[in-house]
Amino acid sequence: MKICIVEDSRLARLELKHLLTKFPELELVGEAENAEEGIALIEAQRPDLLFLDIHLPQKNGFELLEALEYTPQVIFTTAYDQYALQAFERNALDYLMKPIEESRLRQAVEKALAKQETAKPTAAPPAQLREEDRVFVKDGERCWFVALKQVRLIESNGNYAFLYFDQERPCILKSLNYLENRLDPKVFFRANRQQIINVHYIEQINPWFSGSIKLLLKGGEEVEVSRRQTQVFKDLMSL
């Protein structure tokens, strides 16, 4: 299991790394001392597990998570207990108080390893859907049988997703990551953490902050493309 540490205290990082040497299943692939370095590290290394301090320079740990395109399992490490509820609302795997005790760290690591094991696929992944394929969608008492080429936008809402087509916006119990893996990447582009767009519905492309872009879709929705995905978009759409 690949891990990263984001912690502003050099001493705390050294202590945590020393404790982690007792777990041969873990491979430390990087560490950072502030939020901006942490974001770049996580996006580059895509670790399975992140040990994250809450009080960091520039952004706190929660703001760091909000800025990520890719979110690993997270174990918070902090000297403050008042953020525990907020941490678990962000789906934290565990919340360790400093100074970290080896027994508590072991519990947290075993939990992470067990979760990774249960997440391993036991069967072949579902086949990728084509643009012309139709999918059955049910939201409450209403049902649709819609061609994917009609879907212009998919928007995340936790473990649910909204599909935008025509004047409809049903909600389905599928994560954005699952849908991204099933859809044709030449048609459905992951613009940011929350949204996937159908590139055939792009009506206008406008420059946005810090070198990013904003897309206007034919349905009237505006979608901000993250800085990282802006470059991917340009590479994908350029000759």
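This chain uses plain numbering: 1 for the first residue, then up along the sequence.
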For residues A112 and L49, report the shortest heavy-atom separation together with the two atoms involved.
-> CB-CD2, 3.9 Å

Side chains of N177 and R190: do they bring a donor and an acceptor to under 3.5 Å?
-> yes

Any donor and acceptor pair, going by atom type alone, linking the side chain of E222 with main-chain N or O of L216 inside 3.5 Å?
-> no

For the side chain of R13 and the backbone of E7, is there at least one donor-acceptor N/O pair under 3.5 Å apart?
-> yes

So CD of Q229 and CD of Q231: to nearest 0.5 Å the spacing works out to 10.5 Å

Would you sort out whether V151 and V135 count as a side chain to side chain contact (heavy atoms under 4.5 Å, CB included), showing the intermediate values?
-> CA-CA 11 Å; V151 177; V135 292; 5.8 Å; no

Using a strict cut-off of less than 4.0 Å between a Lys/Arg side-chain nitrogen and an Asp/Glu carboxylate oxygen, indicate whether D133 and R130 qualify as a salt bridge.
-> yes

Please check if the side chain of D184 supplies one atom and the backbone of E131 the other of a donor-acceptor pair under 3.5 Å.
-> no

At what distance, to the nearest 0.5 angstrom, does CD1 of I154 lie from CD of Q194?
-> 14.0 Å

So, are K149 and E132 salt-bridged, with charged N and O less than 4.0 Å apart?
-> yes

Just wondering, do S103 and R106 contact through their side chains at under 4.5 Å, heavy atoms?
-> no

Value rounded to 0.5 Å, distance of CG in N206 from CD in E224 | 11.5 Å

Are any of the side-chain heavy atoms of L153 and Q195 separated by less than 4.5 Å?
-> yes

Would you indicate whether the side-chain heavy atoms of Y160 and K174 approach each other to under 4.5 Å?
-> no

Would D139 and R169 pass as an ion pair if we require N to O under 4.0 Å?
-> no

Do P72 and D48 touch side chain to side chain, with heavy atoms closer than 4.5 Å?
-> no

Got a second to check how far L217's CG is from Y201's OH, nearest 0.5 Å?
-> 10.0 Å

Please name the pair of heavy atoms, one in K98 and one in T77, separated by the smallest distance, quoted to 0.1 Å.
-> CE-O, 3.7 Å

Using a strict 4.0 Å threshold on nitrogen-to-oxygen distance, state whether E221 and R152 make a salt bridge.
-> yes

More than 12 heavy atoms of other groups within 6.0 Å of E63 CD = yes

Any chance the side chains of Y70 and R46 put a donor and an acceptor closer than 3.5 Å?
-> no

Do L50 and I75 have side chains that get closer than 4.5 Å, going by heavy atoms?
-> no

Could you name each residue pair satisfying side-chain hydrogen bond (donor to acceptor under 3.5 Å, both in side chains) that touches residues 17-27, not counting sequence neighbours?
-> K17-E31

Could you tell me whether the side chain of L28 reaches within less than 4.5 Å of the side chain of C4, counting heavy atoms only?
-> no

Any side-chain heavy atom of F165 within less than 4.5 Å of one from W144?
-> yes

Hey, does T230 have a side-chain heavy atom less than 4.5 Å from the side chain of R227?
-> no

Minimum heavy-atom separation for L236 to P185, with atom names?
-> CD2-O, 4.0 Å

Residues Q73, M1; criterion side chain to side chain contact (heavy atoms under 4.5 Å, CB included); working and verdict = CA-CA 11 Å; Q73 295 188 66; M1 172 181 280; 4.1 Å; yes

Aromatic contact, Y80 with Y95 (centres under 6.0 Å) = no

